> 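Before I ask anything, here is the structure I am working with.
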Amino acid sequence: MISHFGYDTMPNATIPTTRPNSAMPPGPRGTLILGMLGKLRASRLDFYLQLAQEYGDLVSFRIAHRRVYLASHPDLIEQVLVTDARHYIKHFGARLYKPVLGNGLVTSEGDFWLRQRKLSQPAFLKSRIQAYVPVMAELTDRAVSRWSDGQQVDIHEQFSELTSAIALKTLFDLDDPGDRETFVHALRNVFTDLTGRLFSSGGLLPLWVPTPANRRIQRGIRHLYSVVDGYIARGRTRSTPGTDLLSRLIAARDDDGQPMTDRQLREEAMTLYLAGHETTALTLTWAWYLLAQHPQVEEKLLAEWSAVLGGRTPGIDDLTKLPYTDAVLTEAMRVYPPVYLVGREALCDLELGGYRVPKGTTIFMSQWVSHRDPRYFSDPEEFRPERWLDGLAQRIPRYAYYPFGGGPRVCIGQAFALMEAAILLAGVGQQYRFTIDPGPPVEMDPQITLLPKGGIPVTLKRR
Ligand code: HEM
């Protein structure tokens, strides 16, 4: 139960362990047909937080016909993500984009997923991704050089463009803005149409039914695939293998010496672009949103940057020398986790915290809820990077803080994202600061990631 005892130090809060495992966890009843769908739609983040506050560490409710549990104790989260991982698959939400992403790492399961993960993992070794530091630094400098003092921009849009450019360069070795636009445009069309399906009656029909909307989506997907297949063909015919991620995936071989097929490469490459760039852009967007309201934190960052970097955008040797920068990013992802919810579906009847988990139950785990748990974080609504500087990460349970998920399906791009975020924060922050433009308070728009509704308009101030 989320309660107000203890702060930043209490790893041993209780979870139910003695109930007969035939019992269902407590929770609200909801309406007959929709369950809690109405409340969920109205305000997803508050809904999850209130459920945990009212009903405790494991809550049961219904979304339409689905039985859903919300697990909020670190030990329960660890059991689902790690100990019992083989008895769960991704939840229904993660399958929505399967028509485009196919069997990419985010959407695949079982032995196929394991093979693909093993094939992809070496490309994400720290020693390999360090090669991308100069690219990240250069593209950051290029983006900042286009800004001017007093200019009004949406920081979310700016960071999305920058991380997209970095993703396309590191993934496909794409440099040309026209080429980037072709890819982004093709992808955006498909995703807008697919998301639109969710809210239309046509969305109930499978994609292969030739309605005008479905035909448009299929055309969009074919176009997107032809664009990506072009990059794969180019990668295959290179005389010397490139260092971009796609080239590394092309060169990878499984235990039987087999490479990925073109289709597998296409699905993995699109997955990496989608999973990687928006999440990192959001880390930066929310970090700057918080920094704009905490000048004392910004001052400390500037002091660290001035001592270590002296105005330079960070290089590889600098990254281990920026503990305060690291604490700021860690704390920004605690307060505004870019991925605020992960979900799993039980493959068989299971047990969790002394309760029954019938086959097919969806288990949600929300970083938004966990990262605000006062058992582990004192004054959880406060943005206080200092809390991470005295070993808090070692004192709290492993799954009190999990912006990158955990267990076998932990984010493959974690080191990549942290490296990129530190470079962008320091590269941008030494040259500009942001003041939030007056207007209504920024609202959150929790989709798959935690977006700011309508962006965050700011004015750039040259330092
Ligand atoms: C701050 C940035 C990022 C955050 C917060 C983040 C968060 C996450 C989370 C929470 C998961 C687990 C989802 C689940 O368990 O259902 C995940 C998985 C994944 N992420 Fe990230 N991610 C970030 C950046 C990246 C980057 C840069 C890449 C690639 C370049 C990437 C690629 C992936 C992939 C492929 C998976 C699926 C892994 C698997 O299931 O084997 N992510 N990410």
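Side chains are part of it too, since the values below use all heavy atoms of this structure and drop only hydrogens, waters and symmetry mates. Ligands are counted one by one from 1 in listed order, and the atoms in each one are counted from 1 as well. Given the structure is predicted, the values throughout are model-derived calculations rather than measurements.
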> Answer with side chain, backbone, both or neither: which part of H277 has a heavy atom less than 4.0 angstrom from an atom of ligand 1?
neither
> Give me the nearest non-hydrogen protein atom to atom 5 (C) of ligand 1 as residue plus atom name, then the distance to 0.1 Å.
P403 O, 3.5 Å
> Could you tell me whether R344 approaches ligand 1 through its side chain, its backbone, both or neither, with non-hydrogen atoms closer than 4.0 Å?
side chain
> In terms of side-chain geometry, is the basic nitrogen of R398 or E78 positioned less than 4.0 Å from the acidic oxygen of its partner?
no
> What protein heavy atom lies closest to atom 40 (O) of ligand 1? Include the residue and the distance to one decimal.
R409 NE, 2.8 Å
> Taking only heavy atoms of W113 into account, list the atoms of ligand 1 that are under 4.0 Å away from them.
39 (C), 40 (O), 41 (O)
> Taking the six-membered ring for Trp, are Y401 and W388 ring centroids under 6.0 Å apart?
yes
> Would you say R263 and Y225 are linked by a side-chain donor-acceptor pair, where the criterion is simply a distance under 3.5 Å?
no
> Taking 2.8 Å as the distance threshold, tell me the number of protein N/O/S atoms next to atom 21 (Fe) of ligand 1.
1
> Could you tell me, atom by atom, which parts of ligand 1 come under 4.0 Å of a heavy atom of T283?
1 (C)
> Can you list every side chain to side chain donor-acceptor pair (under 3.5 Å) pair that touches residues 175-188, not counting sequence neighbours?
K169-D175
> Over 60° means perpendicular and under 30° means parallel, so tell me whether F61 and Y48 are parallel, tilted or perpendicular.
tilted
> Please assess H156 against E278 for the test side-chain hydrogen bond (donor to acceptor under 3.5 Å, both in side chains), listing each intermediate value before the final yes or no.
CA-CA 9 Å; H156 178 225; E278 184 59 29; 2.6 Å; yes
> Mind checking whether W288 and F434 have parallel, tilted or perpendicular rings, split at 30° and 60°?
perpendicular
> Does the side chain of Y273 pick up a donor-acceptor pair with the side chain of S164 at under 3.5 Å?
yes
> For H371 and Y336: C-alpha separation, side-chain torsions, deciding distance, then whether ring pair (Phe, Tyr, Trp, His ring centres under 6.0 Å) applies.
CA-CA 9 Å; H371 293 185; Y336 294 117; over 10 Å; no
> In the protein, which heavy atom is nearest to atom 13 (C) of ligand 1, and how far is it?
V342 CG1, 3.7 Å
> Tell me yes or no: between the side chains of T325 and E304, is some donor less than 3.5 Å from an acceptor?
yes
> Just to be sure I'm reading this right: ignoring hydrogens, which of M365, H91, R117 gets closest to atom 38 (C) of ligand 1? Compare them by their nearest heavy atoms.
R117
> Tell me which protein heavy atom sits closest to atom 36 (C) of ligand 1, plus the residue, atom name and distance to 0.1 Å.
V106 CG2, 3.7 Å
> Please state which protein non-hydrogen atom is closest to atom 30 (C) of ligand 1 and give its distance, to 0.1 Å?
F124 CE2, 3.7 Å
> Considering non-hydrogen atoms only, spot the tightest contact between L302 and G429 and give its length.
CD2-O, 3.9 Å
> Closer than 4.0 Å to some heavy atom of F416 - which atoms of ligand 1 meet that?
27 (C)
